[in-house]
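Quick note: numbers below take in every heavy atom, side chains included, and nothing from hydrogens, waters or symmetry partners. So you know, we letter chains A, B, ... as the sequences are listed, proteins then strands, and number each from 1.
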There are 2 protein chains.
Amino acid sequence: MAQRSGFLSLGAFLYPSGHHIAAWRHPDAKADAGIDFKHYIALAQAAEAAKFDLVFLADGVGTRGDDVEFLSRTAHSYQAQFEPITLLSALAAVTQRIGLVGTVSTSFNEPYHVARKFASLDHISGGRAGWNLVTSSNEHEARNFNRDHHFAHAERYERAAEFADVVTGLWNSWEDDAFLRDKASGRYYEPARRHVLGHKGKHFSVQGPLNVSRTPQGHPVVVQAGSSEAGKELAARTGEAVFTAQQTVEDAVAFYADVKGRLARYGREPDDLKILPGVFPVVGQSESEAKEKFEQLQALIDPVVGLALVSGLTGGFDLSGYPLDGPIPELPETNASKSRQRLMIELARRENLTIRQLYQRVAGARGHWQVIGTPKQIVDQLEERFRQYGADGYNIMSPVLPGGLTDFIALVLPELRRRGLFRAEYEGSTLREHLGLKRPVHPAACARPAASTLAAAA
Amino acid sequence: MAQRSGFLSLGAFLYPSGHHIAAWRHPDAKADAGIDFKHYIALAQAAEAAKFDLVFLADGVGTRGDDVEFLSRTAHSYQAQFEPITLLSALAAVTQRIGLVGTVSTSFNEPYHVARKFASLDHISGGRAGWNLVTSSNEHEARNFNRDHHFAHAERYERAAEFADVVTGLWNSWEDDAFLRDKASGRYYEPARRHVLGHKGKHFSVQGPLNVSRTPQGHPVVVQAGSSEAGKELAARTGEAVFTAQQTVEDAVAFYADVKGRLARYGREPDDLKILPGVFPVVGQSESEAKEKFEQLQALIDPVVGLALVSGLTGGFDLSGYPLDGPIPELPETNASKSRQRLMIELARRENLTIRQLYQRVAGARGHWQVIGTPKQIVDQLEERFRQYGADGYNIMSPVLPGGLTDFIALVLPELRRRGLFRAEYEGSTLREHLGLKRPVHPAACARPAASTLAAAA
C-alpha cells in the first residue's frame, strides 16, 4: 500500500454541551448551551482560528422519544436547542473562512425550501455552506408532520434520491453569468442563462427556477451520513462528503473502499467524495489523565438515560425488562436505521458486553469511534486510518464543549501538524476549497462551446 | 377626537435595491443588492443606529410570473435574493437591539418548521424575532410545491388560521421555567412544565412538543399583512402587528377602527395589535428636489415592466391588449389577492388614470402610500395619520437603498423627533418592548395559582 501524504480534513461537530450523554452535568459544561448563541460563536471562532474545514450540526425535527422519565434527564434527543439553518446563518456573520454544514432531513421537508435556504447561506457566507442530507427514521418526528409513521427504509431512500436530484436541479436554475444587471439597457438577466427545472417525479413536482442565483461554490457541498446499502449508493451518486461511523480500522478501510468504488459508475472520480468518520477524542497530558477525564463523565450517566439510549440505538427495542448486568438478548431487525442497529449489536457481541457495559460504551460516543489517551496516542490512531485510506479526515465529536474542542486544538492539533497531517493556514476561502472538492461546472456551460471556440470558428 | 400623544413605531422594510420597480437601474443603486450580505448589514445597522423598531423582509417562494421578457428586466419578483430566515439570522449576529421580522407563507410550509425557526431566531437574537404570516396567491409558487394551483381564497385563510393556532401552540410547548438543568439531581427539565400539543385538525396533525424552549419574548411577534375580510379577522384573532396599505387618511382611519374593533371578541385589548401601514417616502431638501428625485426613478421604468406589474396587481389580468393611454377596462374579480386588486382599481377610478398613469403610479410604491416632499411635508402626513388613529407607526419602504433609508434617517427622523413623535433611544431590548406589546403569559402559568397565593392559603 502506498504511503499516503497530504493533509486530512477536520470538522468540528458541535453538539450543545458536548457529545457525551452526560456532558451537561459536567462541572465545566454550560448546561443551557443549546440556546446560548455566544457559546456557539466561541466554538465556531475557536475552530476557525485552528483552521478546521468546517463546523457540523446534526438535527432532529422533533424530540426523539416520549419517555419523559428519560427525556427529562438528558440534554440530548433534540429537546431544546437551536435549529441548524438559523444557527449556521448567524454563525456565517461572525466567521470568515470556516465551512458551515447543517443537517436537514429529506423526509419532512420540501426540496424548494431546502435548496433555497442552503443557496442563500452559501451567498451569505461567501461559499461556505454544506447540506448534510439525511433521512428520518423516527416516529416522533413523523408525528410532527401529519404522519403516524415515518417512511419505510426503501421508500425513505427513494424519496431522498429524488429530493437530492430536485435540489441539485434547482441549484442549476441559473448559470454563473446569468445576471447581467445592465442599468443602461435595462436587462437584469440573460433569458438564455435561466433554466426552468420542470421536475415531475414520484414524490415531488417542482417547477422552478430557484429564486436564488448560482452560488459562490457553484452549489453548496452535499454531505451524507447513511451507511446502509441504500445510503452508500446515494452517497456515491450525489454525496461530496460522507460522515460515517466505524469502530475498527479494518471496517473503516472496507467502508472507504466500498464507497469510493461506487463512484465510477456515476462518472465520478474517487476524489469527488471525501470520507470523514466521526471520532470522539478524550485527550490528556498523560494516558491516566485522559482515562480519568472519561471516567468522570461515565460516572455522570444516569442509568435511566443509559438504558433508554441503548434501546433507541438498537431500533427502539425495549431492554428495560432485561438484567442490566446480563447479555444483550436477540433483537429482531426493525424498520429503523439498520446500519446503526447492526453496529451496536456487533459491538456488543464482539466484546461480550452486558447491557450496562453497552450503555456505558455507547453513551460516550453514541456508536462512534472513541479514542482516549495522550496527543501522541490519539494522533497515532488518526494517522493510521488516514494513511491506510480509511478516512480523508475526521469529524471531531468533543465529549464536553467547549473544553473538549479547546483541548483538541491545544493538545492534538500541534501533533497532527508536527507530522505534516494538518495545514497551518487556510489555502482557500470556500468549503469546497478546504475539502479539495472541484467547483461544479453548470451543465449548460459544459454543453456550450466556449466563446473563444466560437470566435476561432468564425 | 382626543389629541394622541406618544411615540410611533418605525419599521425599515428592506427590499434589495429599493422598493421602486426601477430602483436597481438608479445610478446610486447596488444592482446586485439581493445577494450582497454587506449591503443588508449596512442597512440593518443604520436602522438600528436610528432606533427603528424593526427591519422587515417580504418574501416569495418562487419567481412571480413566467413572462421572461418582463422578468429579465426587473430586480423585483423574487428572482435572485436572500431567503428571509437565513438573512435575518445572519443579521441577528451583527445587530443588538433592532427587531427582525420576516415573511413566511402558511400555504407551502409546515407549522413545525416555521414555529421552530422563528423560536430559534428569537433565542439567537435575544428576543427580536417577528413572523409576518401571509398566505400565497401565486400559481408560480404553488408549482414549486407539488401543486398545479394555489389554494382558493377561503381555504387559504382557513389553512392559515389553523397554521397560526398550531404555531402558537407549539411555542407554548414549554413553560418559562421548565428547564431546571440541575446538574446534581440530573433533572434537565420539570416534566409537568412540558406540554404536548397533540393537534389533529383539518389541515395539520402535529404532535409536538416543539424542540426549542420558550423564547425570550414568550413567543416571536406575529405580524400579518392581509387586508381582506378574512385577513382582518385572522389579524384580530392572532396578529400583534398588521402591515397594511391605504391611500387616504380616511381609509386608514376606517381600517384602523375596523381591525381594532374586532379584537374584543377574542378577549384582546386594542393595544394588543399595532397597525403599521407601509409608506413610500421620497424626501428632498425642497419640494422640487423631492419631485425631481421621484421623476428620475419614474423615467427608468421600462414599459414592459410597468404593464406587467399592473397586470400582476389586478389579479393576473392581461392588460397588454389595451391602449396604454386609455382607461382601465372592467376587470372580473379573481381568486387572487382581493384586497390588493380592489385597491388598484379604486385608485384608478378615483383619479381617472390611464393604464400608463396607473403603472407609473403603482410602479413606485406598488400600491402603497407614497409621500413626496420636504421633511416637514412628509412628517405632516405621518403625524396626521398617527394623531387621528389611522396608524400606530409606519413600515418605511425606501424607493432606493441604501440612499432612501439614509435620507429618511438624516432628514425625516429629526423632524419626527422635534415633534415628539419618535424616540431618541431604545427603551427596551426586545421587539415586543419596542412595539409596546405585552409579553404573553404561558396558558398553564395563567391557570396555575401563584406560589405566593398557595402559601397564603396554607
Exercise for the section: Go through D66(A), L300(A), D32(A), V94(A) and name the one with the most non-hydrogen pairs under 4.5 angstrom from chain B. Expected result: D32(A)

Exercise for the section: For residues S89(A) and L87(B), determine if any side-chain heavy atom of one lies less than 4.5 Å from a side-chain heavy atom of the other. Expected result: no

Completion exercise
With chain A, the option among V206(B), V305(B), D302(B) that has the most non-hydrogen atom pairs under 4.5 Å is V206(B)

Exercise for the section: Heavy atoms only, distances under 4.5 angstrom: which of S125(A), A22(A), G208(A) has the most pairs with chain B? Name it, please. Expected result: G208(A)

Exercise for the section: Give, as side chain, backbone, both or neither, the part of L71(A) having an atom under 4.5 angstrom from any heavy atom of chain B. Expected result: both

Exercise for the section: State plainly whether the residues D59(B) and R116(A) are in salt-bridge range, i.e. N to O under 4.0 Å. Expected result: yes

Exercise for the section: Using modelled atom types only, decide if a donor and an acceptor are shared between the side chain of K183(A) and the backbone of A31(B) within a distance under 3.5 Å. Expected result: no

Practice task
May I ask you to name which of W174(B), Y112(B), F179(B) has the most heavy-atom pairs under 4.5 Å with chain A?
Solution key: Y112(B)

Completion exercise
Pair count under 4.5 Å, heavy atoms only, with chain A: among V212(B), L88(B), I124(B), L180(B), highest is I124(B)

Fill in the blank from the handout: Cut-off 4.5 Å, heavy atoms of chain B, and the answer for A119(A) is neither

Practice task
Name the region of A75(B), side chain, backbone, both or neither, that has any atom closer than 4.5 Å to a heavy atom of chain A.
Solution key: both

Practice task
Go through the side-chain N and O atoms of T86(B) and S120(A) and say whether any donor and acceptor fall under 3.5 Å apart.
Solution key: yes

Practice task
Can you measure from CZ (R73(A)) to OG (S185(B)) and round to the nearest 0.5 angstrom?
Solution key: 7.0 Å

Exercise for the section: Starting at CZ of R181(B), measure out to NZ of K30(A) and round the result to the nearest 0.5 Å. Expected result: 8.5 Å

Practice task
May I ask you to test the R194(B)-V68(A) pair for a side-chain heavy-atom distance under 4.5 Å?
Solution key: yes

Exercise for the section: Below 4.5 Å from any heavy atom of chain B, which atoms of H203(A) appear? Answer side chain, backbone, both or neither. Expected result: backbone

Practice task
Under 4.5 Å heavy-atom distance to chain B, tell me which part of T215(A) shows up: side chain, backbone, both or neither.
Solution key: neither

Completion exercise
The interface call for T74(A) against chain B, heavy-atom contacts under 4.5 Å, is backbone

Problem - K200(A) portion near chain B, given a 4.5 angstrom heavy-atom threshold - result: side chain

Exercise for the section: Flag the one option from V196(B), D182(B), L210(B), V304(B) with the top tally of heavy-atom pairs under 4.5 Å to chain A. Expected result: D182(B)

Handout entry: Under 4.5 Å from any heavy atom of chain B - which part of D122(A)
Key = neither

Problem - K117(A) side chain near I85(B) side chain, heavy-atom distance below 4.5 Å - result: yes

Exercise for the section: Assess the side chains of Y188(A) and Q79(B): does a donor N or O sit below 3.5 Å from an acceptor N or O? Expected result: no

Problem - Sub-4.5 Å side-chain heavy-atom contact between L121(A) and F82(B) - result: no

Handout entry: Carboxylate-amine/guanidinium contact E69(B) R187(A), below 4.0 Å
Key = yes

Problem - Structural part of S173(B) lying under 4.5 Å from a heavy atom of chain A - result: neither

Practice task
Could you tell me which portion of D36(A) (side chain, backbone, both or neither) has an atom closer than 4.5 angstrom to a non-hydrogen atom of chain B?
Solution key: neither

Exercise for the section: Working to the nearest 0.5 Å, report the span between CD of Q207(B) and CG of D148(A). Expected result: 10.0 Å

Handout entry: Heavy-atom proximity to chain B below 4.5 Å, by part of H26(A)
Key = backbone

Fill in the blank from the handout: Heaviest contributor of heavy-atom pairs below 4.5 Å to chain A, chosen from A142(B), G186(B), A93(B), is G186(B)

Fill in the blank from the handout: So, the part of P27(A) with a heavy atom under 4.5 Å from chain B: the answer is backbone

Practice task
Indicate the atoms forming the closest heavy-atom contact of G62(A) with N211(B), along with that distance.
Solution key: N-ND2, 3.1 Å

Practice task
Would you please indicate yes or no on a ring centroid separation below 6.0 angstrom for F108(A) and H113(B)?
Solution key: no

Problem - Between E110(A) and N146(B), a side-chain donor and acceptor under 3.5 Å - result: yes

Problem - Among Y40(A), F145(A), Y189(A), residue most engaged with chain B (heavy-atom pairs, under 4.5 Å) - result: Y189(A)

